[in-house]
Amino acid sequence: MQNSAPLLSVEGLSKQFQVRGRILHAVQQVSFEVVAGQTLGLVGESGSGKSTLGRTALRLLEPDQGNILFDGIDLCKLKPKELRSKRKAMQMIFQDPLASLNPRMTVGMAIEDAMIIHGMRSSLERRKRVDALLERVGLPQSIAQAFPFELSGGQQQRVGIARALSVQPKLIVCDEPISALDVSIQVQIIKLLQDIQKEMNLAYIFISHNLGVVQYMSDMVLVLYLGEVVEKATAQQLFAQPSHPYTRVLLDSILKVPESAARRKRMSVPPGEMPSPFAPPTGCPFHPRCSMAVDRCRQEKPHLQNVSPNHEAACHFAVSS
Amino acid sequence: MDEPLLEVRDLFTQFQRVDDVVYAVNGMNFSVAPGEVLGIVGESGSGKSVSVLSFLGLLRDNVKLKSGTAKFRGTDLLRLGRRQLEDIRGRDIGVVFQDPMTSLNPVRRVGDQIMEGMITHHYASKKVALQRTIDLLGEVGIPEPQMRYRNYPFEFSGGMRQRVMIAMAIACEPQLLIADEPTTALDVTVQMQILALLQTLREKRNMSIIMITHDFGVATNFCDRIIVMYAGMVMESAPLAEFLNNSVHPYTIGLKSSIIEVGNKNKELVPIPGMAPVLTKPLNHCPYVSRCSVAQDRCEQELPELLHVGNEHYVACHRIEEVGIHAK
Amino acid sequence: MALTIGEVSTQKVLRRLQSNMAWRRFRRNKLAVVGLGWVIVFVIIGIIGPYIAPHNYATTNFLAANQPPSWNYPFGTDNVGHDMYSEVIWSVQNALEIAFGATLVSFIIGMALGLWAGLRGGVADMVIMRLVDFMYSFPTYFLDLILVTKLGRSMGPILLAIGITGWAGYARLVRSLVLSMRHGDMVEAARSLGASPAHIARRYLLPNAMNNMVVALAFGIPGDLTVMAGLSVVGMGLRPPLPSFGNMIAQAGSNILGYPWLMYIPAGIFAITLLSFLFVADGLQDALNPKGGY
């Protein structure tokens with residue numbers, strides 16, 4: 001996969017917000033690549049900056065630093081109008097599909113709107129395409145006349161997917177697309193996302209706090225902590241040999257259904273909470289919660305370094321452990 | 001088995017809406033033994049929260065019908081007046097909700113809010129209550145409780161707020177703690193901390209806990225017994241070991257095979273087709289029939305009863321003989 | 001993947017329900033229904049008034065001056081023999097023109113400025129909001145007086161004066177609605193589709209702000225009617241003999257002891273009208289912006 005040219009390559013991306021005079025570093029110096037037909041997973045707890053990163057990578061938020069090369073074009077150099085026409089190649093799916101749909105538009109109108117924006121004139125053609133898209137995402141055509149609030153959560157998310165597909169994108173940022181859905185519906189949506197990925201050779205940036213889903217979906221994974229990448233690896237390596245202590249804490253906190261009553265997890269107490277992003281700790285951002293932290297971690301910030309090919313971690317002890 | 005602490009029989013709850021009636025809980029039976037941790041698992045709209053809120057008297061006012069019994073230490077909670085119920089709630093039964101911000105008063109110091117419960121329930125005098133509040137905050141893991149009790153809810157993080165809620169719920173040493181999705185809004189690491197706290201508290205005080213959750217991982221790691229709800233009915237109820245090894249209801253099995261977990265990348269995910277039924281008509285057949293892979297004519301005609309199949313294992317399915325164990 | 005989605009056949013029913021839902025919520029507010037009845041009667045009188053009034057508003061009859069209500073003059077007559085019944089009917093038309101005209105003018109100005117401020121942000125936002133603050137802190141009534149003095153005391157100028165001084169509330173409302181939606185998922189989704197700001201305003205923001213704006217508009221009408229009457233009371237309203245409720249009330253004030261019907265009947269009708277508009281606005285609030293769902 002390293003040989004194919006990446007569809008999206010992001011380098012040194014930073015985004016900060018000003019909140020009442022204080023500066024919040026939401027994303028700091030993040031670099032990654034996404035290859036067509038593959039999925040990059042972004043993992044982290046709330047406040048880790050994973051959603052901001054997804055949006056900044058599409059320039060829905062203006063980056064403060066860094067380059068975004070999408071399909072051979074530098075997104076940061078585009079004028080607003082050029083960027084808008086480029087948007088059809090990069091779409092987004094939201095956590096709360098109902099909130100992302102216009103309550104005054106029927107499902108059909110919502111899907112058509114994307115085509116109208118990109119200048120598909122003939123309304124007959126648009127209707128045809130709406131029908132085809134609805135069918136593709138597993139919805140009956142009659143649903144085109146329904147308003148979003150009349151649908152179940154799973155149906156709403158299918159509409160969100162149909163709308164994203166309507167402009168034939170190459171990349172879709174999926175921001176927690178299944179976390180608001182019921183377990184039995186989650187798998188339906190995951191399967192759908194996988195199917196259309198194969199069919200259309202789509203690239204995904206898959207944002208989720210659910211590590212199981214990320215493992216299931218992703219080829220590469222970035223683990224974010226306080227806006228920084230602390231580990232970056234292929235999904236296989238990350239889950240088999242997590243190198244950053246934070247990744248290990250995350251994996252340890254997962255409650256799996258045990259095989260038998262005797263093997264259920266004894267609740268351990270992972271130390272501390274995510275520090276305030278306004279006042280990140282000095283040195284390694286994870287040191288206050290890290291069981292391995294030594295003086296060096298409090299003073300010197302670790303940088304991403306290779307643990308093995310295609311596996312980087314930002315920890316002073318990553319290589320030795 | 002011991003005398004149950006709480007015994008719910010034939011619980012029905014219906015809501016009146018502008019045009020229709022929602023049949024939210026349709027004949028629910030369960031009991032909680034002293035010291036037991038019961039998990040009620042279900043998807044949204046399964047009635048898992050409503051059933052518990054019904055007998056706690058915490059539902060909104062458009063309840064059309066509420067019937068059945070909910071005997072807590074011999075007293076039927078559904079027959080109590082509002083005042084009497086309030087007396088039990090907060091003293092003998094503590095409640096923790098998903099979103100502490102909606103249950104905490106934003107303009108009052110958390111310490112005062114914790115104290116208030118103890119004072120109104122005549123659990124402790126003002127002076128004792130203050131000291132106890134500080135002890136409680138320490139017990140639930142809030143650093144520097146002698147300072148923090150003066151803080152307002154917004155000065156706490158989500159996880160810390162949930163700890164404050166827990167302190168409030170256990171202030172009067174209830175025998176039963178009801179936790180309604182207490183960790184759903186929290187990150188996994190914080191979820192682990194809160195569950196560990198609840199587990200410690202339970203062991204120390206021998207409380208019973210009802211854990212309402214949609215998360216199988218939480219339920220199976222935390223609870224002694226598990227009830228699976230669907231469409232306001234108990235579909236399956238079993239002690240944990242039995243539940244893990246021998247669950248038989250097609251819905252339970254469907255849910256189990258659609259859980260996406262770390263380390264199971266190669267597990268074949270089998271989605272349950274369709275979606276949950278709309279509960280605007282009284283149930284007269286198995287509510288799962290339209291999604292069930294082993295459904296037969298009978299499933300469309302009769303409501304299955306919750307039958308004992310041995311080992312404290314109960315199943316509501318017409319087809320248990322075919323799908324698994326034989327009814328004893 | 002086979003999916004059974006059972007609710008679709010009922011979609012049409014549901015939609016009809018939804019559009020009815022607003023009307024049904026409105027109907028539950030009894031005062032609003034009564035108010036709406038009065039407003040409808042008022043509007044009908046406004047339209048057909050000239051045809052049903054027994055006399056022209058300017059007709060005077062000194063032989064029948066200062067008559068108490070009677071069969072011929074149901075609302076009595078004033079000191080120059082105007083038939084008050086006809087005066088009231090003619091006034092309704094004027095009141096309606098102001099009520100709808102002036103309010104609409106304010107509404108359009110407010111909406112445009114509010115949208116601009118909310119969408120553009122930055123300097124435009126700041127300038128517009130300072131202007132709004134100014135309009136709020138400055139008693140617009142005096143501004144109306146000045147404008148009417150400059151522009152004249154006929155229908156058009158009064159309508160315009162009230163219209164161009166009353167937009168601040170609408171602007172503030174629209175701006176806040178826009179701001180509350182601008183960073184929401186809906187607008188972000190539209191932006192990610194590649195929609196231009198104009199497209200977002202037209203297809204996403206305005207339709208969703210409409211409900212709130214219609215309610216505000218309804219609440220604005222009685223306010224503008226009061227301002228119009230207030231101008232008459234200080235002698236700067238419609239120039240007599242043009243009839244208006246304000247003129248009738250102002251003139252009756254001078255001899256309220258001798259001829260109380262001149263005061264009570266028009267004032268009573270005017271008050272009921274104001275209340276009716278308020279009740280309707282209140283009902284619209286319930287119908288279009290229900291809190292806590294149904």
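Letters go in sequence order (proteins before strands), and every chain restarts at 1. Given the structure is predicted, the values throughout are model-derived calculations rather than measurements.
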More than 12 foreign heavy atoms under 6.0 Å from CD of A/E82: is that the case here?
yes
Quick check on A/L83 against chain C: is it the side chain, the backbone, both or neither that has a heavy atom closer than 4.5 Å?
neither
Output the option from A/A114, A/G160, A/S85, A/S100 having the highest count of non-hydrogen pairs under 4.5 Å with chain C.
A/S100
Which atoms of A/M90 approach chain C - backbone, side chain, both or neither, heavy atom under 4.5 Å:
backbone
Tell me if a side-chain donor or acceptor on A/Q91 pairs with a main-chain N or O of C/S192 at a distance below 3.5 Å.
yes
So, do C/S196 and A/R84 sit near enough that their side-chain heavy atoms are less than 4.5 Å apart?
yes
Are the side chains of A/M105 and C/P207 in contact, using a 4.5 Å heavy-atom criterion?
no
Would you mind checking which part of A/L60 comes under 4.5 Å of any heavy atom in chain C, side chain (CB onward), backbone (N, CA, C, O), both or neither?
both
I'd like to know which of A/M92, A/K86, A/R55 tops the heavy-atom pair count under 4.5 Å against chain C.
A/R55
Within residues 72-81 of chain A, the residues sitting under 4.5 Å from chain C by heavy atom, in sequence order, are none
Filtered by a 4.5 Å non-hydrogen cutoff, the part of residues 162-176 of chain A contacting chain C is A/R163
So, taking the atom named CD1 in C/I200 and the one named CG in A/N102, what distance separates them when rounded to the nearest 0.5 Å?
11.0 Å
Distance col, row A/I117:CD1 vs C/R203:CZ, nearest 0.5 angstrom, shows 8.0 Å
From NE2 (A/H118) to CG (C/L193), nearest 0.5 Å:
6.5 Å
Please report the interatomic distance CZ(A/R104) to CE(C/M210), rounded to the nearest 0.5 Å.
10.0 Å
Among the options A/D96, A/L101, A/I116, A/D113, pick out the one with the most heavy-atom pairs lying under 4.5 Å from chain C.
A/D113
